[in-house]
Amino acid sequence: MRASLVQCGGDLWLNRDLVQRLEWDRRHYMNGPGSSTLVITMADGAVHRIQHQPGYLDGTDAYAIERALTNA
């Protein structure tokens, strides 16, 4: 049996059974590093955007969150 709640950085906990769609918003900039943001759409229409920042102090690893939401 899997745990339904996944911590998605900070105080945000999501029920993986209610996640409707996961997608990435990747932006590339000419004069600096790009950014990657995980966009999570819930069954009730709520949208959560989680920026991938693992190198910062207490940064969020959005790729690990994606794995936790998709793995059974």
Side-chain angles (χ1 to χ4, degrees):
M1 185 170 142
R2 63 183 178 154
S4 295
L5 293 178
V6 174
Q7 185 174 14
C8 297
D11 294 335
L12 180 63
W13 289 81
L14 297 178
N15 185 337
R16 76 169 88 196
D17 297 330
L18 299 177
V19 173
Q20 186 173 11
R21 181 176 50 197
L22 295 173
E23 59 186 328
W24 285 95
D25 179 9
R26 292 186 173 95
R27 298 182 185 204
H28 304 282
Y29 302 105
M30 183 186 306
N31 296 328
S35 65
S36 294
T37 304
L38 178 62
V39 181
I40 304 169
T41 305
M42 303 300 289
D44 64 354
V47 176
H48 303 282
R49 298 178 60 85
I50 301 170
Q51 188 164 1
H52 180 68
Q53 297 178 326
Y56 295 109
L57 183 62
D58 291 332
T60 304
D61 185 355
Y63 292 99
I65 293 170
E66 179 187 35
R67 285 189 302 272
L69 290 171
T70 57
N71 292 340

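Between the side chain of Arg49 and the backbone N or O of Ile40, no donor-acceptor pair lies under 3.5 Å.
Minimum heavy-atom separation, Leu38 to Ala62: CD2-O, 3.7 Å.
For residues 29-38, there are no salt bridge (Lys or Arg N to Asp or Glu O under 4.0 Å) pairs, not counting sequence neighbours. The salt bridge (Lys or Arg N to Asp or Glu O under 4.0 Å) pairs that include a residue from residues 33-43 number zero, where partners must be two or more places apart or lie in different chains. Listed by first and then second residue, the ring-ring contact (aromatic ring centres under 6.0 Å, His included) pairs that reach into residues 13-50 are Trp24-Tyr63, sequence neighbours excluded.
Here the straight-line distance linking atom OG of Ser36 with atom CD of Gln51 works out to 8.5 Å at 0.5 Å rounding. Atom CG of Asn71 and atom CD of Glu66 lie 9.5 Å apart (nearest 0.5 Å). Atom CG of Leu69 and atom CG of Leu18 lie 11.0 Å apart (nearest 0.5 Å). Between the CZ atom in Arg16 and the SG atom in Cys8 there is a gap of 10.0 Å [rounded to 0.5 Å].
With sequence neighbours left out, the side chain to side chain contact (heavy atoms under 4.5 Å, CB included) criterion links Asp44 to Met42, Ala46. Residues satisfying the salt bridge (charged side-chain N to carboxylate O under 4.0 Å, His left out) test with Arg27, not counting sequence neighbours, are Asp25. Partners of Ala43 by side chain to side chain contact (heavy atoms under 4.5 Å, CB included), not counting sequence neighbours: none found.
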- Task: Kindly determine whether Asn15 and Val6 satisfy side-chain contact (heavy atoms from CB on, under 4.5 Å), including the steps that lead there.
- Result: CA-CA 6 Å; Asn15 185 337; Val6 174; over 6 Å; no
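Under the 4.5 Å side-chain contact rule for hydrophobic residues, Ile65 and Val39 do not share a cluster.
Side chains of Asp61 and His52 form a contact here, defined as non-hydrogen atoms less than 4.5 Å apart.
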